[in-house]
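Proteins come first, then strands; the chains are lettered A, B, ... in the order of their sequence lines, and each starts at number 1.
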Protein chains: 2
Amino acid sequence: MAARRPAAERAVRPQAQTAEKRRRILDAALTVFGKHGYNKASLVDIAELAGMTHAGVLHHFGSKDRLLVAVLEHRDAVDVAGLEGQHVPTGKEMLEHLLNTIRLNMERAGLVQAYAVLSAESVTEGHPAQSFFRDRFAGLRGMVVDGYRAVAPAGTPASRLEIAATATIAVMDGLQVQWLLDPEVPMPEVAEATIAGLVDWLAQGQQGDRGE
Amino acid sequence: MAARRPAAERAVRPQAQTAEKRRRILDAALTVFGKHGYNKASLVDIAELAGMTHAGVLHHFGSKDRLLVAVLEHRDAVDVAGLEGQHVPTGKEMLEHLLNTIRLNMERAGLVQAYAVLSAESVTEGHPAQSFFRDRFAGLRGMVVDGYRAVAPAGTPASRLEIAATATIAVMDGLQVQWLLDPEVPMPEVAEATIAGLVDWLAQGQQGDRGE
DNA sequence: GTCTATATCGTGATAGAC
DNA sequence: GTCTATCACGATATAGAC
């Protein structure tokens, strides 16, 4: 409780260095996990990129499993912090925001690849990132549902909004794989067309139920 | 050249057994690659499932790399053979066919997982299935473009058909990952909504260019 | 054609020096 | 807190018996 300065400095300074080291490891791990996938990535490679030995990495994170989830949660924290300055997009601005994210991501192929590879890998038996991605998809769907609610007709049932949101996230993910294999694939145009089509579908579908 | 029966039998019978063994290995490999991804799957597991030792597997396929591409090409051959009886779907029937495939796939989670995991894994550095999936996506896009051409307005430019086709394939792939993590995700409904939206987009987009 | 045995390597993880 | 050294294990691949 009593925080005399020398003691405090001695406690804070090393922690600051530790935090810096941890950040370097997390960056290196994201790079290597993205380049090779979780299973093929090796702690030795990660450690080398972070400027240590693999024993040092394990000292900070305990195991390869825990390092992976730490990486993913750290990325989320960074992304959220990036939104801090701006207002959190809602309604139709959120749909615009999705397209902006795609355009931004085309300059960050490494990050895109990490998410594409790791999310798909996570469906395999006993993969350490399984619950992370399950939760992530659920959260994303909720956010995109809010975006569509703002542009859909007033009484649109939640199930239809959910369908549009699921489709939107699916297109973006599937697109990334195609784009990583062939950079000619025009991600923004494809996503924009899909979203425009889904907005139409939300607007017209209700009539179709009884009007046909 | 001289095909006396005993010699022919001796040549054919073992080949038939070999072909059968190879098929068993390919089935086992698809299962294990699907369950764990390529990198974590082991030849020992595959061999055990096929009723052999891993040395036997390597005798037939030479290496793990070559086994993977053999598996993928074999699957394509099987699927094509399955279409043999029916007529190859074209035009709007092909879009219907996509939805039927999704419904069928919901009874084959193992196969879905194999394609989802391996296709995403293939974007990593030096992955042996990289060119397979690159070619596969190119081929699929071509087929789906033909499907959309039949339902789009007459003069629709190829680039717009290509966008719709890319989107359709992307939705299906992205959907699979979400569905594998959460079987509640209604794949057929989501795909149907997306396709309906894209058909609308194809129909209306042309006017939008000058009509707005 | 399949086996056993083995070679060789890389992995994640631990123990203990400094 | 990071290192060196080492462990135990599993991987792919090869060689040779049968």
* Structure fact -> When rounded to whole Å, the CD1 to C1' distance for the pair B:Ile46 and D:dG10 reads 14 Å
* Asked: How do A:Ser42 and A:Ala55 order along DNA chain C: which one's closest nucleotide is nearer the 5' end?
  -> A:Ser42
* **Whole angstrom value for the distance that separates C1' of C:dT14 from NE2 of A:His59** => 14 Å
* **NZ/NE/NH1/NH2 to OD/OE distance under 4.0 Å, B:Asp27 and B:Arg24** => no
* Between A:Tyr38 and A:Lys64, is there a cation-pi geometry (under 6.0 Å to ring centre, at most 45° from the normal)? -> yes
* To do: Look at all strands and tell whether A:His54 reaches a base, only sugar-phosphate, or nothing, counting heavy atoms closer than 4.0 Å.
  => base
* To do: Round to the nearest Å and state the distance from B:Leu67 atom CG to D:dA11 atom C1'.
  => 15 Å
* Could you point out which residue of B:Asn105, B:Asn100, B:Thr101 forms a side-chain hydrogen bond (donor to acceptor under 3.5 Å, both in side chains) with B:Arg103? => B:Asn100
* Asked: Would you call A:Lys40 and A:Asp45 a salt bridge, taking side-chain N to carboxylate O under 4.0 Å as the test?
  -> no
* To do: Please state whether the phosphate of C:dG1, meaning OP1 or OP2, lies under 4.0 angstrom from any side-chain nitrogen or oxygen of B:Thr18.
  => yes
* Of the nucleotides C:dT2, C:dG12, D:dT12, which one has an atom closest to the side chain of B:Lys64? -> D:dT12
* Asked: Base, sugar-phosphate, or nothing: which does B:Leu58 touch, judged by heavy atoms less than 4.0 Å apart?
  -> base
* Please state how far atom CG in A:Asn39 lies from atom C1' in C:dG10, giving the value in whole angstrom units. => 15 Å
* To do: Determine the contact category for B:Ala47: base if any of its heavy atoms lies under 4.0 Å from a base atom, sugar-phosphate if only primed atoms, P, OP1 or OP2 are that close, otherwise nothing.
  => nothing
* Asked: Quick one: B:Phe61 CZ to D:dT14 P, roughly how many Å, whole number?
  -> 16 Å
* Asked: Will you find, in the side chains of A:Tyr148 and A:Thr168, an N or O donor that is under 3.5 Å from an N or O acceptor?
  -> yes
* Structure fact -> Taking for A:Asp45 and for A:Gly62 the nucleotide of DNA chain C with the nearest heavy atom, the one nearer the 5' end belongs to A:Asp45
* Asked: D:dA11 P sits how many Å from B:Phe33 CZ, rounded?
  -> 13 Å
* Using a cut-off of 4.0 Å on non-hydrogen atoms, how would the nucleic acid contact of B:Thr53 be classed: base, sugar-phosphate, or nothing? -> base
* Asked: Could you state the CG-P distance from A:Leu43 to D:dC7, rounded to the nearest angstrom?
  -> 20 Å
* Mind checking A:Ala50 for me? I need base, sugar-phosphate or nothing, with any heavy atom below 4.0 Å counting as a touch. => nothing
* **Length of the CG-P vector between A:Asp65 and C:dT11, whole Å** => 16 Å
* Of the nucleotides D:dA13, C:dG1, D:dG1, which one has an atom closest to the side chain of B:His60? -> C:dG1
